[in-house]
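Below you'll find the structure, written out as structure tokens, and then a few comments.
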Amino acid sequence: MTEHTPQPTYNPREIEAKWQKRWETARAFETEADPSKPKYYVLEMLPYPSGTMHMGHMRNYTIGDVVARVKRMRGFNVLHPMGWDAFGLPAENAAIKNKTHPREWTNKNIAEFQRTLRRFGFSFDWRREISTCEPEYYRWNQWFFLRMLEKGLAYKKKSRVNWCPKCCTVLANEQVINGFCWRHEDTQVEVREIEQWFLKTTAYSEQLLDDLKLLEGTWPERVITMQRNWIGKSQGARVQFAVSDTGGGESIEVFTTRIDTIFGASAIILAPTHPLVAKLLRDSPVKAEAETKLAQIRKMSVKAEDLATAEKEGFFTGRHAVNPFNNARIPIWVGNFVLMEYGTGAIMAVPAHDERDFEFATKYHLPKPVVVIKEFSPHAEKEIAKAEHAEKEVPPAAPTEPFTEYGVSVNSGPYSGLESAVAIDKMAADAQAQGFGKKETVFRLRDWGISRQRYWGTPIPVIYCEKDGMVAVPDKDLPVLLPPNPKLTGEGESPLAATPEFVNTTCPKCGGSAKRETDTMDTFVDSSWYFYRYCDPHNSQAPFDSAKVKYWFPIDQYIGGITHAILHLLYSRFWCKVMCDLGLIDHVEPIARLFTQGMVQKGGVAMSKSRGNVVGAEEMAEKYGADTGRLYTLFAAPPEKDLEWSEESIEGSWRFLNRVFRLVAKHAATVSSTGTLACAPATNAPQNVPFGITSAALTNLTAREQSLLRKTHQTLRRVTQDFETRWHFNSAIALIMELTNEIYAQEPLEGNIRPEITREALEKLTLMLAPMTPHLAEELWEMLGHKEGLSAEAWPQFSEDLARENEVEVVVQINGRVRGKVKVSAGADQDEVVAQAKADASIATHLAGKQIKKIIFVPDKLVNLVAQ
RNA sequence: GCCCGGGUGGCGGAAUGGCAUACGCGGCAGACUUAAAAUCUGCUGUCCCUCACGGGGCAUGUGGGUUCGACCCCCACCCCGGGCACCA
């Protein structure tokens with residue numbers, strides 16, 4: 001180099017601040033619904049603002065931001081908003097600990113989170129920011145609640161709930177992990193009976209299940225599977241067994257998916273909490289011992305309920321029931337493995353055809369009659385066919401293991417000889433006809449308990465009046481505000497109940513004194529519809545304007561962790577269906593495409609504050625700059641896989657960006673001052689001449705020029721594919737690195753590569769980096785002489801002509817082993833390639849004394865000579 | 001137990017039927033420098049033959065199979081990670 005002026009050096013801190021400011025001034029990412037433009041709604045799951053942000057958080061937003069920026073460059077009107085899941089327990093706990101207000105703690109965290117996100121240059125439309133703890137937001141939670149109350153979708157019932165003694169609140173079933181609290185891994189959950197508010201998710205069981213079909217192909221398969229299992233549809237039948245020896249005319253209803261095995265039932269087993277148990281025991285001959293055993297089981301069941309390994313325990317009630325199909329008298333038992341919450345809380349035990357029943361029967365020496373076999377043995381077939389029934393097929397010996405598959409019924413009266421599926425249909429129909437049963441579908445899914453006995457959540461808008469009973473708060477009185485100064489102790493009754501100025505109110509109907517509901521809502525309510533609010537965040541008349549939602553929805557791309565695969569996404573889908581029925585929207589699924597990114601780990605475990613293995617986002621930005629952090633999280637692993645953070649590897653990303661910066665800085669002057677740069681629009685360009693370059697600039701290319709131009713467009717072609725269809729950001733970056741290496745390999749460029757071509761290479765390089773390292777790309781773009789910022793720039797198109805190789809290397813295999821390579825012109829036919837291959841000395845050696853029996857030819861790639 | 005994902009150099013990973021190990025990290029050697037840092041260049045799976053130039057064999061968890069050709073497709077198994085787990 002001849003010049004003596006010092007080259008500028010890459011200073012991310014300066015560059016990043018500069019461009020963030022410009023984007024803000026230019027309102028570069030603000031967006032409005034505009035039906036004349038194609039829209040794209042990309043969203044990352046909203047964060048719970050607690051602690052400080054680490055690179056695990058940033059990975060999520062980086063992926064989303066790349067998508068948002070690529071789509072913008074592709075001409076879409078992009079909605080990319082951000083907000084805060086701001087209600088929740090930690091704020092309240094922190095408030096108790098620090099004697100502050102939850103709002104204070106929350107707002108402080110939000111401010112910090114926001115600063116970090118801004119520092120990473122994510123292209124959010126900040127005007128649309130929402131915070132779920134603000135009355136402007138949570139009043140609409142209340143509004144939705146009232147609509148559901150009107151439709152009977154919100155109701156109150158006394159129910160057994162999980163109670164965490166540390167949280168002092170009710171936990172949802174799904175917040176209980178193997179009997180322990182999801183937040184306090186060492187705290188065992190207790191069972192209590194409390195009046196609770198529920199949302200009727202079960203009203204949509206069928207729809208929630210069916211519509212999963214609409215998501216196939218665009219949602220990860222495992223998320224769909226998890227939801228399907230969670231909803232847990234079972235088709236079966238209810239059957240009533242009359243109790244034969246109490247004289248009270250009671251009957252027990254069981255649920256079974258295998259009514260075809262009913263002739264093999266050797267007992268009825270009730271859940272320990274089944275309401276009939278007490279009645280059965282009242283005058284039972286075995287009353288004393290049974291009650292002792294029941295007490296034992298009840299005591300144990302709370303603890304053992306969630307332990308799958310618990311041994312089956314049970315006892316005989318001393319009573320019997322009659323099988324309606326064959327009038328057999330079978331004993332009624334109580335078993336700890338029968339769940340009151342599922343089905344009817346009672347089962348018929350068919351030991352020969354159910355693993356659990358088998359285990360139970362073995363322990364308590366109940367008979368195991370076989371009533372289904374795999375198939376008739378071939379030699380017996382004739383006999384069976386003419387036999388009236390298949391009774392004699394089965395040996396009387398007790399089975400050694402249960403046969404749980406479908407097969408053929410035997411020893412089943414008129415149903416013997418039928419295939420299981422047929423028998424199930426027929427027997428259910430007969431049961432219905434005779435009035436002791438019917439077909440029934442049962443779901444595992446339960447209603448969503450939303451009551452929380454906590455302060456920092458949405459107050460449930462209901463008032464209790466002595467005269468009028470429960471009264472809904474009228475819409476005009478919304479929002480029901482949280483009292484500003486609660487007494488937060490973390491103990492005893494809920495904070496709202498302890499705040500008289502909140503509790504005591506007047507009845508909206510009669511004006512008399514009344515009391516408010518003191519439960520607040522589960523925070524999953526907030527996150528079930530927040531993405532609708534982004535479309536119209538400041539609407540004070542309605543949760544949103546339906547026209548705006550109609551434009552933006554569904555969400556084109558939702559990005560988040562797999563941890564929300566069930567609850568958040570299921571509740572969101574439920575909310576959508578309710579809103580659809582309310583006539584607020586006209587789509588049935590809110591999220592068209594879902595992507596679940598991998599975790600960021602350090603030392604093999606997920607980054608988390610409690611583990612102390614976090615890499616702080618601020619420190620990252622401070623040390624290397626946001627662009628390096630963004631690039632590294634994209635480069636180190638494919639987005640769906642877990643990423644192991646390495647302090648050493650990140651240096652590579654940092655070095656690469658420096659390398660690009662130096663390259664552009666070195667040639668910026670030459671390139672940007674070249675007035676001859678042709679930027680003819682593609683439409684005016686003559687054929688075979690790529691856009692952006694005039695034919696004059698393309699004549700008489702030297703081999704080096706041609707090769708650089710070719711590499712540039714080959715890279716562009718593959719990077720475009722990686723961005724658009726595969727989301728392989730890591731390999732896209734590898735390709736961009738290769739291009740950079742190639743440009744360096746052509747140094748010195750001056751005098752060897754004409755400026756138009758240098759410019760072409762450097763500009764395309766910059767544009768390809770733009771979605772990933774936007775600050776650096778803007779800076780480079782400016783250095784290259786552009787006055788307009790990159791945010792207005794379109795994604796570049798590649799030219800097939802320029803990307804095409806005119807000479808290719810074809811691999812020559814002999815019997816499938818690589819033995820050499822030949823250079824031929826692109827598109828050379830088989831004869832030509834084979835001729836060249838034979839001419840190669842080393843290949844000739846391998847072919848010596850052999851006869852070519854077959855030739856496999858893949859144009860421009862490979863020829864395989866099969867020789868003997 | 002059941003379901004899903006994964007197993008490729010010293011490390012992160014690339015290649016979805018056609019040159020395995022791209023790209024990056026680390027390592028080694030060299031250039032520049034008084035020196036260091038930074039930067040640049042080259043080498044870097046493994047074994048064997050060769051002074052060398054070269055050449056050959058073997059390698060994508062294991063064992064089989066399909067194919068002219070397999071990291072890729074099929075079958076069986078092992079290991080790791082995650083989810084579900086008495087749902088009748």
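Just so it is clear: chains get the letters A, B, ... in the order the sequence lines come, proteins before strands, and each one is counted from 1.
Within the structure, every side-chain polar atom (N or O) of A/R817 is placed at least 4.0 Å from both OP1 and OP2 of B/G55. A sub-4.0 Å separation between OP1 or OP2 of B/C40 and a side-chain N or O of A/R662 is present. At the phosphate of B/A15, OP1 or OP2 sits under 4.0 Å from a side-chain N or O atom of A/R726. In this structure, A/H353 does not reach the B/A88 phosphate: none of its side-chain N or O atoms is under 4.0 Å from OP1 or OP2. Put simply, A/R819 has no side-chain N or O that comes within less than 4.0 Å of OP1 or OP2 on B/C19.
Between A/K711 and A/E742 there is no salt bridge, since none of the side-chain N atoms of the basic residue sits less than 4.0 Å from a carboxylate O of the acidic one. Checked for salt-bridge contact, A/K823 and A/E809 miss the test: no charged N lies under 4.0 Å from a carboxylate O. Salt-bridge annotation for A/R710 and A/E805: present, with a side-chain N of the basic residue lying under 4.0 Å from a carboxylate O of the acidic one. A salt bridge links A/D425 to A/K439: at least one charged side-chain nitrogen sits closer than 4.0 Å to a carboxylate oxygen.
Side chains of A/K368 and A/T362: a donor on one and an acceptor on the other come within 3.5 Å.
Separating the P atom of B/G5 from that of B/G10 is a span of 28 Å, rounded to the nearest Å. Here the separation of B/C84 from B/A76, taken at their P atoms, is 27 Å to the nearest Å. Spacing between B/G18 and B/G12 at atom C1', rounded to whole Å, works out to 27 Å. Taking atom C1' on both B/G17 and B/G69, the two are 8 Å apart, rounded to the nearest angstrom. The same atom, P, is picked in B/U41 and in B/C23; the two are 13 Å apart, to the nearest Å. Taking atom C1' on both B/G30 and B/C51, the two are 23 Å apart, rounded to the nearest angstrom. Using C1' as the reference atom, B/G9 and B/G82 are 27 Å apart when rounded to the nearest Å. B/A85 and B/C72 have their C1' atoms separated by 34 Å, with the value rounded to a whole Å.
The nucleotide whose nearest atom lies closest to any side-chain atom of A/K821 is, among B/C86, B/A88, B/C19, B/C19. The side chain of A/R444 approaches B/C84 more closely than any other nucleotide in the set B/C19, B/C68, B/C84. In the set B/C58, B/C25, B/U41, the nucleotide with an atom closest to the side chain of A/E648 is B/C25. For A/A734, the side-chain atoms get nearest to B/A22 when compared with the rest of B/A88, B/G18, B/A22. Considering only the side chain of A/E738, B/A22 comes nearest among B/C25, B/G24, B/A22.
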Protein-proximity profile, nucleotides 4-13 of chain B, B/S/- by nucleotide at the 4.0 Å heavy-atom cutoff, equals S-------BS
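Across the protein-nucleic acid pair, A/K312 atom NZ and B/A88 atom C1' stand 11 Å apart, rounded to whole Å. The interatomic distance linking A/E651 (CD) with B/G24 (P) rounds to 15 Å, in whole Å. One interatomic measurement links the two molecules: CG of A/L657 to P of B/C23, which rounds to 18 Å at whole-angstrom precision. Rounded to an integer number of Å, the gap from A/F729 CZ to B/A14 P is 13 Å. For A/K861 and B/C19, the NZ to C1' distance is 11 Å, given to the nearest whole Å. Atom CD of A/E359 is separated from atom C1' of B/G1 by 12 Å (rounded to the nearest Å). A/Q601 places its CD atom 16 Å from the P atom of B/C80, with the value rounded to the nearest Å. Taking atom CD1 on A/I736 and atom P on B/G24, their separation rounds to 13 Å, with Å as the unit.
Applying the 3.5 Å distance criterion, the base of B/G18 shares a donor-acceptor pair with the side chain of A/Q813. Taking 3.5 Å as the limit, the base of B/C68 and the side chain of A/K854 contain no donor-acceptor pair of atoms between them.
In terms of position along RNA chain B, the nucleotide closest to A/N864 lies nearer the 5' end than the nucleotide closest to the other residue of the pair A/N864 and A/V442. Ranked by how close their nearest RNA chain B nucleotide is to the 5' end, A/M226 and A/M348 are led by A/M226.
Pairing for B/C2 goes to B/G83, judged as Watson-Crick or G-U wobble with the two contacts each under 3.5 Å. For B/A37, there is no paired base (Watson-Crick or G-U wobble, both distances below 3.5 Å). Base pairing of B/U60 is not made with any nucleotide, judged by Watson-Crick or G-U wobble geometry with both donor-acceptor distances under 3.5 Å. Summarising the base pairing, B/C28 is matched to B/G42 through a Watson-Crick or G-U wobble pair whose two defining distances lie under 3.5 Å. Across all strands shown, B/C72 remains unpaired; no Watson-Crick or G-U wobble contact has both distances below 3.5 Å. Judged by Watson-Crick or G-U wobble contacts below 3.5 Å, the nucleotide B/U66 has no partner.
Residue A/K853 is classed as having no contact, given no heavy-atom separation below 4.0 Å to the nucleic acid. A/V254 comes within 4.0 angstrom of no nucleic acid atom, judged by non-hydrogen atoms across all strands. Nucleic acid contact class of A/R238 (heavy atoms, under 4.0 Å, all strands): none. When heavy atoms are screened at a 4.0 angstrom cut-off, A/V811 is found touching base atoms of the nucleic acid. Across all strands, A/R228 comes closer than 4.0 Å to no nucleic acid atom at all (heavy-atom distances). Among the protein residues, A/S234 comes within range of the sugar-phosphate backbone only, with heavy atoms under 4.0 Å from sugar or phosphate atoms but none that close to a base.
More than 90° away from 0 lies the glycosidic angle of B/G61, which makes this nucleotide anti.
The shortest non-hydrogen separation linking A/P638 to A/R59 is O-NH2, 3.0 Å. A/V371 and A/G264 make their closest contact through CG1-N, 3.5 Å (heavy atoms, listed as atom of the first residue, atom of the second, distance).
The distance from the CG atom of A/N658 to the CZ atom of A/R655 is 10.0 Å, given to the nearest 0.5 Å.
Listed for the A/S266 side chain is a donor-acceptor partner under 3.5 Å among the backbone atoms of A/P367. Judged by distance alone, with hydrogens and angles left aside, the side-chain atoms of A/T261 form a donor-acceptor pair with the main-chain N or O of A/R258 at under 3.5 Å. Put simply, the side chain of A/T317 gets close to the backbone of A/I332: a donor and an acceptor are under 3.5 Å apart.
For the contact set between residues 740-750 of chain A and RNA chain B, defined by any heavy atom under 4.0 Å, the members are A/N741.
Cation-pi contact between A/R659 and A/Y744: present, with separation from the ring centre below 6.0 Å and deviation from the ring axis of at most 45°. A cation-pi arrangement is not found for A/K312 relative to A/F360, the charged atom failing to lie both closer than 6.0 Å to the ring centre and inside a 45° cone about the ring normal.
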Quick one: side chains of residues 596-604 of chain A, donor-acceptor pairs under 3.5 Å with protein atoms, not counting sequence neighbours, listed by atom name and distance.
unit_1: A/Q597; atom_1: OE1; unit_2: A/N60; atom_2: ND2; d: 3.3
unit_1: A/Q601; atom_1: NE2; unit_2: A/D642; atom_2: OD2; d: 3.4

